[in-house]
Amino acid sequence: MVGVRELALLAMLVVVVVGQGAITTTGTNFTLSGDNVSYLFHVDSKSGDLVSDHFGGPSTDFTPPAYISPNGWNDQLANYRREFPDVGRSDFRLPAIHIQHADGDTVSAFLYESHKIVQGKPSLPGLPATYGNESDVTTLIVHLYDNVTEVSAALSYSIFPAYNAIARSFAITNNGTEDLVIERAASFSTDFPNLDLNMIEVHGDWAHEFNRVTRKIDYGETTFRSTEGYSSHLHNPFFALVSPTTTETTGEAWGFNLVWTGSFSATAERFSNGYVRVLFGLNPLHTNIRVQPGETFQSPEAVAIYSTEGVGGMSRSFHDLYRNHLSRSQYTHQTRPILLNSWEGLGFDINQTSLFSLAGESEALGVQLFVNDDGWFGVEYPRDNDTMGLGDWTPNPAKFPDGLAPYVAQINNYTILNSTQPLKFGIWVEPEMVNPNSTLYHEHPDWVLHAGKYSRSLTRNQLVLNVSMPEVQEFIINFVSNILDSANIDYVKWDNNRGMHELAHPSDDYNYVLGLYRVIDNLTTKYPDVLWEGCASGGGRFDAGLLHYWPQHWTSDNTDASNRVTIQLGTSLVYPPSAMACHISAIPNGLTHRNISIEYRGHVAMMCGSFGLELNPSELSAEESAAIPGIMADAERVNPIVISGDFYRLALPDNSNWPGAQFVSQNGSQSIVFAFQQLYMVKPAAPPLRLQGLDPQARYANDYDNATYSGATYMNVGINVAWQQGDYQSQLITLTKI
Ligand SMILES: *[C@@H]1O[C@H](CO)[C@@H](O)[C@H](O)[C@H]1NC(C)=O
Ligand SMILES: *[C@@H]1O[C@H](CO)[C@@H](O)[C@H](O)[C@H]1NC(C)=O
Ligand SMILES: *[C@@H]1O[C@H](CO)[C@@H](O)[C@H](O)[C@H]1NC(C)=O
Ligand SMILES: *[C@@H]1O[C@H](CO)[C@@H](O)[C@H](O)[C@H]1NC(C)=O
Ligand SMILES: *[C@@H]1O[C@H](CO)[C@@H](O)[C@H](O)[C@H]1NC(C)=O
Ligand SMILES: *[C@@H]1O[C@H](CO)[C@@H](O)[C@H](O)[C@H]1NC(C)=O
Ligand SMILES: *[C@@H]1O[C@H](CO)[C@@H](O)[C@H](O)[C@H]1NC(C)=O
Ligand SMILES: *[C@@H]1O[C@H](CO)[C@@H](O)[C@H](O)[C@H]1NC(C)=O
Ligand SMILES: *[C@@H]1O[C@H](CO)[C@@H](O)[C@H](O)[C@H]1NC(C)=O
Ligand SMILES: *[C@@H]1O[C@H](CO)[C@@H](O)[C@H](O)[C@H]1NC(C)=O
Ligand SMILES: *[C@@H]1O[C@H](CO)[C@@H](O)[C@H](O)[C@H]1NC(C)=O
Ligand SMILES: *[C@@H]1O[C@H](CO)[C@@H](O)[C@H](O)[C@H]1NC(C)=O
């Protein structure tokens with residue numbers, strides 16, 4: 001290996017420029033170029049370490065780094081900007097890779113060995129990732145080697161030029177003779193220069209997801225994580241770094257998102273020299289991953305996007321990248337059926353008779369997909385409440401005497417209003433969970449996550465199946481397949497309602513998530529025509545990992561429409577509105593007891609790709625019933641633009657009593673504006689709602705004051721919505737280019 005490395009260092013002296021479109025190399029100086037982004041790094045000719053040069057606006061020149069006094073304790077690598085920081089050798093900041101070797105030591109020296117450029121993007125074995133063909137994406141793979149312990153690292157950088165996006169991951173191969181243990185693995189790691197930066201992330205909890213928070217990146221670590229086994233409600237695996245002057249529409253923003261559904265950790269560490277190190281990857285508390293000789297560890301992927309068009313520009317690049325190059329479902333670019341879910345209307349109190357009549361009422365409202373939620377299964381332990389039955393996926397004979405097939409056929413016998421199409425049927429499952437009160441648990445008590453003799457602590461009366469076990473994977477694949485083969489099922493809501501408690505080994509959740517991906521990859525490949533929706537007590541797993549397989553995710557169990565504006569605009573920081581599932585529920589709201597008009601509830605829900613109702617139609621008031629046909633018609637009308645259009649946040653509920661959002665259709669001919677008034681105010685007047693994303697020269701007619709104005713007028717002057725007395729009002733305005 002020494003010879004190879006020395007040859008490589010020699011080769012650096014002979015400057016060879018190799019261009020492959022988006023990636024050029026000059027010797028071992030690497031330049032990744034997108035439409036409006038450059039990412040530069042090089043091999044340090046003395047040590048062979050990888051050094052970061054630039055991640056930001058366009059530049060192709062390599063310039064000298066900042067001068068830092070070489071005196072004091074922090075010399076050498078401590079003052080380098082590094083691409084793949086390892087442990088020891090003078091860098092005191094947190095590492096991207098931390099390995100414990102068989103003899104117990106944890107030093108590593110990953111030095112340059114070779115590199116190659118490939119057109120397109122190799123897939124990551126067993127992991128969700130962005131994808132694209134050779135005209136969409138180019139990949140640079142840099143091989144590093146630690147010649148003391150014989151460990152290799154392959155760093156992968158894929159650039160999607162049209163999205164200003166770089167996807168990174170790495171693979172560690174143990175080429176030695178003894179096991180090694182990976183203690184830390186940050187999929188994305190780079191060092192920014194001494195820049196003042198703020199971090200925007202989204203924190204929350206159950207029914208309180210995606211609340212934006214901004215922190216200054218100060219000296220020390222600014223960090224957040226999930227240790228719940230899943231991406232979780234607490235923090236999403238997303239953050240943005242922005243300069244202090246960046247706004248929604250202007251300034252630099254760097255967005256980072258981990259394509260991973262398990263525990264994670266995100267850190268920005270500012271060192272004494274002011275440099276800011278970004279680390280985004282697995283949570284070190286849940287890593288401890290053993291790699292045997294000859295084996296390879298493949299890290300999850302992280303995506304970074306750079307924008308000079310503010311936080312909004314960053315979000316739109318994520319939305320476009322994810323719709324075109326992450327989500328592989330055939331439904332991603334399709335309008336979604338209007339659904340009614342039985343949960344908030346009937347809860348556990350269901351049988352085929354009551355569900356059939358609920359479906360009939362749904363059909364009369366114009367619903368296109370009827371979803372049978374929890375409560376339909378369990379024989380020995382009937383699922384009449386949440387204390388039993390989970391894991392026993394056989395239809396309950398008292399509720400469905402002839403099984404699912406005839407009941408579903410009867411549902412399909414309804415036709416969708418104003419069409420000849422049958423009412424579609426969907427079903428709820430929670431495959432990764434089990435109640436101790438179940439036949440499954442009595443037969444397989446060893447299938448749940450547990451740690452020796454520690455008690456198996458319950459949440460919502462349930463335990464977590466250990467999906468890293470091949471027999472559990474087979475069980476899930478088989479029972480879900482059996483359900484889907486047993487009746488005409490068009491849609492599946494895949495729920496997951498608790499975090500992981502007792503792990504026998506720190507990396508159990510890592511192996512679990514790999515097992516989960518195997519299961520979901522299998523089922524979505526086998527049943528591509530099923531519309532799959534993720535759910536995890538609401539938005540507990542709204543992440544890019546699952547969006548690779550599933551086109552949509554339930555956004556939050558909180559369906560209070562006012563709270564939902566905050567949650568949905570927070571979710572849109574990184575994930576496209578087309579991936580959000582949002583429903584109108586009954587009032588007073590079950591969680592907040594707030595009464596919000598049906599129009600406002602409808603407008604909030606139709607800002608999402610999957611619009612639906614989650615209520616009992618027979619309990620609607622006369623005013624609500626009168627408003628529903630118009631709301632259904634509006635939801636159908638705007639859905640194509642929500643699915644494929646560009647999304648703009650006009651005003652946030654955090655900063656304004658009058659939040660707003662806007663979609664612009666892909667061809668620019670239409671724009672849909674959603675305007676809200678939270679509380680009625682005597683004074684001051686509402687600020688004008690200034691639109692974005694229009695052609696300033698073009699003229700657009702609007703259906704609010706029925707006038708025609710230029711795009712420049714809508715964007716610079718704005719629309720004054722005449723809000724009346726009363727809290728929680730909303731307005732849907734359509735602009736049509738003339
Ligand atoms: C490669 O980058 C280094 C570090 O910035 C710089 O000193 C050197 O001149 C660069 N070489 C070329 C050929 O650009
Ligand atoms: C690559 O995919 C894009 C869509 O992302 C498509 O327009 C283009 O034709 C494809 N090119 C090749 C070479 O397959
Ligand atoms: C590893 O490589 C370095 C740098 O080329 C060299 O000085 C050292 O002797 C090598 N160590 C081993 C164990 O081969
Ligand atoms: C790149 O910048 C140009 C000019 O500012 C802008 O029109 C374009 O939308 C940007 N592209 C992306 C992908 O951000
Ligand atoms: C180490 O790498 C060499 C060269 O690629 C290969 O021949 C050898 O089999 C590897 N050893 C292990 C344990 O993977
Ligand atoms: C179905 O459920 C409804 C509502 O709880 C109940 O009135 C009815 O008796 C049940 N029917 C059967 C056949 O169990
Ligand atoms: C169904 O058709 C009627 C009559 O044309 C119309 O008023 C109503 O809005 C339509 N409903 C739906 C859901 O399409
Ligand atoms: C849950 O349902 C079972 C079966 O119907 C019943 O025996 C039990 O009492 C119920 N438990 C609770 C807490 O409601
Ligand atoms: C569907 O409706 C037709 C006509 O009313 C009826 O004859 C048939 O039995 C129904 N099928 C089911 C499965 O309910
Ligand atoms: C089993 O079900 C019974 C009846 O609902 C309930 O009282 C008990 O708490 C359940 N046990 C567990 C471990 O959830
Ligand atoms: C899904 O898993 C089953 C059971 O392990 C296997 O037989 C089948 O080949 C897998 N199918 C796909 C598409 O991966
Ligand atoms: C605009 O036109 C619509 C539909 O004709 C009508 O309902 C509305 O009152 C008009 N608005 C104004 C301000 O004229």
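In this text the structure is predicted, and so the values were computed from the model without any measurement.
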Between [X] and [Y], is the ring centroid distance below 6.0 Å?
{"X": "Tyr157", "Y": "Phe30", "result": "no"}
{"X": "Tyr230", "Y": "Tyr512", "result": "yes"}
{"X": "Tyr39", "Y": "Tyr306", "result": "no"}
{"X": "His325", "Y": "Tyr163", "result": "yes"}

Quiz prompt | Residues, nucleotides or ligands: over 12 heavy atoms within 6.0 Å of Lys216 NZ | solution = yes
Quiz item: Do other residues, nucleotides or ligands put more than 12 heavy atoms under 6.0 Å from the OH atom of Tyr454?
Solution: no
Under 3.5 Å donor-acceptor, [X] side chain and [Y] backbone:
{"X": "Ser169", "Y": "Ser156", "result": "no"}
{"X": "Asp86", "Y": "Phe110", "result": "yes"}
{"X": "Asp543", "Y": "Leu546", "result": "yes"}
{"X": "Ser187", "Y": "Pro300", "result": "yes"}
{"X": "Asp320", "Y": "Ser317", "result": "no"}
{"X": "Arg277", "Y": "Leu94", "result": "yes"}
{"X": "Asn198", "Y": "Leu241", "result": "no"}
{"X": "Glu178", "Y": "His101", "result": "no"}
{"X": "His319", "Y": "Ser572", "result": "yes"}
{"X": "His233", "Y": "Ser537", "result": "yes"}

Quick one: closest heavy-atom pair of [X] and [Y], and the distance?
{"X": "Gly255", "Y": "Met314", "result": "CA-SD, 3.5 Å"}
{"X": "Ile217", "Y": "Ala268", "result": "CD1-CB, 3.6 Å"}
{"X": "Arg212", "Y": "Val311", "result": "NH2-CG1, 4.1 Å"}
{"X": "Gly570", "Y": "Val202", "result": "O-CG1, 4.1 Å"}
{"X": "Ser327", "Y": "Tyr131", "result": "O-OH, 3.0 Å"}
{"X": "Ala207", "Y": "Asn558", "result": "O-ND2, 3.0 Å"}

Which value, rounded to the nearest 0.5 Å, describes the distance between [X] atom [atom1] and [Y] atom [atom2]?
{"X": "Ser507", "Y": "His286", "atom1": "OG", "atom2": "NE2", "value": "10.0 Å"}
{"X": "Asn273", "Y": "Arg93", "atom1": "CG", "atom2": "CZ", "value": "6.0 Å"}
{"X": "Tyr549", "Y": "Asp521", "atom1": "OH", "atom2": "CG", "value": "5.0 Å"}
{"X": "Leu516", "Y": "Asn511", "atom1": "CG", "atom2": "CG", "value": "12.5 Å"}
{"X": "Gln292", "Y": "Asn174", "atom1": "CD", "atom2": "CG", "value": "9.0 Å"}
{"X": "Asn147", "Y": "Leu111", "atom1": "CG", "atom2": "CG", "value": "7.0 Å"}

Between [Y] and [X], do the side chains contain a donor N or O and an acceptor N or O under 3.5 Å apart?
{"X": "Glu183", "Y": "Thr287", "answer": "no"}
{"X": "Asn175", "Y": "Ser152", "answer": "no"}
{"X": "Glu269", "Y": "Tyr219", "answer": "no"}
{"X": "Glu209", "Y": "Ser556", "answer": "yes"}
{"X": "Asp61", "Y": "Ser59", "answer": "no"}
{"X": "Tyr517", "Y": "Thr261", "answer": "yes"}
{"X": "Asn283", "Y": "Ser263", "answer": "no"}
{"X": "Thr223", "Y": "Arg225", "answer": "no"}

Please work out which of the three classes, parallel, tilted or perpendicular, describes the rings of [Y] and [X], given edges at 30° and 60°.
{"X": "Phe55", "Y": "Trp254", "value": "perpendicular"}
{"X": "Trp494", "Y": "Trp550", "value": "tilted"}
{"X": "Phe210", "Y": "Tyr575", "value": "perpendicular"}
{"X": "Phe280", "Y": "Phe224", "value": "perpendicular"}

Under 4.5 Å between any side-chain heavy atoms of [X] and [Y], yes or no?
{"X": "Leu573", "Y": "Ser315", "answer": "yes"}
{"X": "Val37", "Y": "Ile159", "answer": "yes"}
{"X": "Tyr648", "Y": "Arg316", "answer": "yes"}
{"X": "Val276", "Y": "Leu195", "answer": "no"}

Quiz item: Is Glu295 paired with Arg290 through a side-chain N to carboxylate O contact shorter than 4.0 Å?
Solution: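 No salt bridge links Arg290 with Glu295.
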Quiz item: Any ion pair linking Arg82 and Asp91 (charged N to carboxylate O, less than 4.0 Å)?
Solution: yes
Exercise. With side-chain contact (heavy atoms from CB on, under 4.5 Å) as the test, would you mind laying out the steps for Met580 and Ile567 before giving the verdict?
Key: CA-CA 11 Å; Met580 298 181 205; Ile567 293 170; over 6 Å; no
Self-check item: Candidates Asp53, Thr25, Thr28 - the one meeting side chain to side chain donor-acceptor pair (under 3.5 Å) with His42
Solution: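 Testing each of Asp53, Thr25, Thr28 against His42, the sole residue satisfying side chain to side chain donor-acceptor pair (under 3.5 Å) is Asp53.
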Quiz item: Applying the side-chain contact (heavy atoms from CB on, under 4.5 Å) test to Arg564, which of Thr571, Leu569, Thr555 qualifies?
Solution: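 Exactly one option meets the side-chain contact (heavy atoms from CB on, under 4.5 Å) with Arg564, and it is Thr555.
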Quiz prompt | side-chain contact (heavy atoms from CB on, under 4.5 Å) between Val142 and Val43, worked out | solution = CA-CA 10 Å; Val142 182; Val43 178; 5.7 Å; no
Quiz item: Should Thr190 and Glu83 be marked as a side-chain hydrogen bond (donor to acceptor under 3.5 Å, both in side chains) after you check the CA-CA gap, both sets of side-chain angles, and the distance that decides it?
Solution: CA-CA 5 Å; Thr190 194; Glu83 280 295 292; 2.8 Å; yes
Quiz prompt | Residues Phe238, Glu201; criterion side-chain contact (heavy atoms from CB on, under 4.5 Å); working and verdict | solution = CA-CA 6 Å; Phe238 157 78; Glu201 61 120 342; 5.5 Å; no
Self-check item: By ring pair (Phe, Tyr, Trp, His ring centres under 6.0 Å) - contacts of Tyr322 (at least two apart)
Solution: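 By the ring pair (Phe, Tyr, Trp, His ring centres under 6.0 Å) rule, Tyr322 matches Phe318.
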Quiz item: Of the options Asp196, Asp191, Asp218, which is the one that meets Arg270 in a salt bridge (Lys or Arg N to Asp or Glu O under 4.0 Å)?
Solution: Asp196
Quiz prompt | Working for side-chain contact (heavy atoms from CB on, under 4.5 Å), residues Asn164 and Asp35 | solution = CA-CA 6 Å; Asn164 296 314; Asp35 287 0; 4.0 Å; yes
Quiz item: For Cys535, which residues count as a disulfide (SG to SG under 2.5 Å) partner, sequence neighbours excluded?
Solution: none
